[in-house]
Protein chains: 2
Amino acid sequence: MTSPRKVTRIQREKREVILAAALEAFAEDGLRGATLEKIADKAGMSKPHVVYYFGSKDAIYTDLLQSLLEVWVQPLRDLSEDADPLAAILTYMRRKLRMSQEMPRESKMFATEILHGAPRMRQQLSGDLKSLVDEKAALIARWSAEGKIAKIDPHHLIFSIWAMTQHYADFDIQVEAVLGDDRKAGLYDEADAFLTEFFVRALRP
Amino acid sequence: MTSPRKVTRIQREKREVILAAALEAFAEDGLRGATLEKIADKAGMSKPHVVYYFGSKDAIYTDLLQSLLEVWVQPLRDLSEDADPLAAILTYMRRKLRMSQEMPRESKMFATEILHGAPRMRQQLSGDLKSLVDEKAALIARWSAEGKIAKIDPHHLIFSIWAMTQHYADFDIQVEAVLGDDRKAGLYDEADAFLTEFFVRALRP
DNA sequence: GTCTATAAATCGATAGAC
DNA sequence: GTCTATCGATTTATAGAC
């Protein structure tokens, strides 16, 4: 137990370098597959040095997962009462898609964690996340009841947005292999156009 | 190099017991996370005995992946010319959903492999799978051009079916945590109803 | 704070008895 | 064919010099 002390700017920066390196490693190989050596290499420091700042590989992983969770659910948090409900849902979907495009490693890290039973997130899934989803589902259900969007199960609608947007990040290898190299550059523009049209058709009253 | 010999019934059965155990282990923990000891325990035999039948952990994994691939793409293979294109696509989507329900471990194993760069499947993704998808996409494009279904990008339509159906298997932990225990029993009936309505609205001309 | 060297644990694979 | 025992490689984490 070290006494609480001011964290210097250098300490904070070091930690951030390590977290960035670890994110890359964990996204590529998962918790078990990623080694301290690989993280240390990516961070440009020695293995014991990485441990010195976080205590253990597990601590880096857990720290990363927790700090990213808030960023990850922010678009859903921002979904709220709106004059144009359909537009609000489309905005949510588009923000999620943009996050897949810009933060594919974060998406893969969450996907791997959940896929393997979410041993470090279960509490939050059935606690904070469930509360948030229930709250937003109630909002969507109201829009649905008022005839502003189609009658549709709001929970499954949210799942479908998660599934379809994150698919482009999590399974990018497969998507790019199937589409071929020539469609790789405009991929996210295509996805945006497709999903927008898709959800408009499915959701308008 | 042993000379080719008849594989006995017992040998085949042993291999199947090991493959079943390995599927469970790999789906839970991935290739790196799953240990030979865990596979051996699940299979009810000793560690060297498992190696005796397959040579290595890697061989079990590769064998399993290859043998499951054919089963996995069969529903798409069966999508073909039909008097009612919308019904044909819905049937495909429903078969995929049923596979998620009945074969969640297979779904998770593929998901983990692709998520981590598909080192043992890349050839097939950009070869056989791309060919198959391109072929079926051409069929869907024809339906679309003939006005039998909505105008829509067929490749992304296929991705959306993969994403939404496999989401219920791959992220079951999250889905069940968010929905709560009381909705767990009827989950796949709910998903079927939601997805059917969803795709009908999105696809009808 | 940062490193080299190494301890300690885990795990895949093999040797060899039966 | 099947097992126990064990080797050898990998990997996390620590000790200790600077």
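Numbers restart at 1 for each chain; the letters A, B, ... are given by sequence-line order, proteins then strands. Nothing here was measured: the structure is a model prediction, and the numbers come from that model.
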Distance check needed: [N] [atom2] versus [X] [atom1], whole Å only.
| X | N | atom1 | atom2 | result |
| --- | --- | --- | --- | --- |
| B:Tyr61 | C:dG12 | OH | P | 14 Å |
| B:Ile39 | C:dG12 | CD1 | P | 8 Å |
| A:His49 | D:dA13 | NE2 | P | 16 Å |

Subject >> Protein proximity profile, nucleotides 5-11 of chain C - base contact B, sugar-phosphate-only contact S, no contact -, cut-off 4.0 Å on heavy atoms >> reply: B-----S
**OP:** Using a heavy-atom cut-off of under 4.0 Å over every strand shown, decide if A:Lys38 touches base, sugar-phosphate, or nothing.
**Re:** nothing
Original post:
Within the structure shown, what part of the strands sits under 4.0 Å from A:Phe54 by heavy-atom distance: base, sugar-phosphate, or nothing?
Top reply: nothing
**OP:** Quick one: sort the A:Phe194 and A:Phe198 rings into parallel, tilted or perpendicular, breaks at 30° and 60°.
**Re:** parallel
**OP:** Assign the ring pair B:Phe26 / B:Tyr61 to parallel, tilted or perpendicular, where the plane angle (0 to 90°) is split at 30° and 60°.
**Re:** perpendicular
**OP:** State, with a plain yes or no, whether a side-chain heavy atom of B:Leu132 is found less than 4.5 Å away from one of B:Lys136.
**Re:** yes
Original post:
So, are B:Arg77 and B:Glu70 salt-bridged, with charged N and O less than 4.0 Å apart?
Top reply: yes
Original post:
Crowded around B:Glu102 CD? As in, over 12 foreign heavy atoms under 6.0 Å?
Top reply: yes
**OP:** Tell me whether the OP1 or OP2 atom of C:dT14 has a side-chain N or O from B:Tyr52 closer than 4.0 Å.
**Re:** no
Subject >> Pairwise ring pair (Phe, Tyr, Trp, His ring centres under 6.0 Å) hits with a residue in residues 169-189 of chain B, at least two apart >> reply: B:His167-B:Phe171
